[in-house]
Amino acid sequence: MALQLLNNSETAFAFPTATALLLTKTRLINMFIIGGRIMPHMTVEFSEGLSTESLRLLCRTIYDVLAASDDFPTAGIRVRAHKADMAFVGDGLPENDFVALTLSVGAGRTRDVLHAAGSQIFAAAQEALADRLAEPYFSLSLEIRQIDPDLSWKDTPIHARFSPKKD
């Protein structure tokens, strides 16, 4: 199989020739965001005791923090919430609830940048969930994961809408 080498200024990628011919430069850049910096994706896992209103406020709050940051381009932001259908928390009391936040980001940001972003997100989440955190039956956590760009594949044409058009 013939391979054609395509270059996006920092990293070269080899594709079967037929595949390479189908990829436009913009599409190629959208598939392999330089340095992986285009993310963040926030996953909000929660137990069934949280109200829809609380979750909507939390997700919107997190989105707003990420969108206001110079470190996270708007096109890459995703905030998704998933209910844990089955969860036993702490001592297993049925009134125990949780929210577990996981921020997945591409490589390329310093530890200080990620720590500052995490602190800002966590403080905003604490504020959005202040009523639940005032109860002794609730747990909130945040973890940041850096994704290895060599082990991550994406095809995200949405980024083209946010990229400046070049003549």
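- The heavy-atom pair separating F46 from V44 by the smallest distance is CD2-O, 3.9 Å.
- Not a single side-chain contact (heavy atoms from CB on, under 4.5 Å) links A116 to another residue, sequence neighbours left out.
- Looking only at distances, a side-chain donor or acceptor of T61 sits under 3.5 Å from a matching main-chain atom of L57.
- Here M86 sits in one hydrophobic cluster together with F88; the rule is ILVMFWY side chains under 4.5 Å apart, joined directly or through other members.
- Enclosure of atom CZ in R80 by more than 12 non-hydrogen atoms of other residues, nucleotides or ligands within 6.0 angstrom is indicated.
- Within the 4.5 Å cutoff, the side chain of T43 has no heavy atoms near those of the E143 side chain.
- Enclosure of atom CZ in R78 by more than 12 non-hydrogen atoms of other residues, nucleotides or ligands within 6.0 angstrom is indicated.
- Residue Y137 qualifies as open at atom OH: its count of foreign heavy atoms under 6.0 Å is 12 or below.
- For the pair Q146/L114, a side-chain contact is recorded, criterion being any heavy-atom separation below 4.5 Å from C-beta on.
- Heavy atoms from other residues, nucleotides or ligands lying under 6.0 Å from CD of Q126 number more than 12.
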Identify every side-chain donor-acceptor pair in residues 94-104 under 3.5 Å, counting partners at least two apart or on other chains, and give the distances.
residue, atom, partner, partner atom, Å
N96, ND2, V89, O, 2.7
N96, ND2, D91, OD1, 2.7
D97, OD1, S47, OG, 2.7
D97, OD1, G49, N, 3.1
D97, OD2, R132, NH2, 2.9

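- In the hydrophobic clustering of this structure, F122 does not group with V113; members are Ile, Leu, Val, Met, Phe, Trp, Tyr whose side-chain heavy atoms approach within less than 4.5 Å, directly or through other members.
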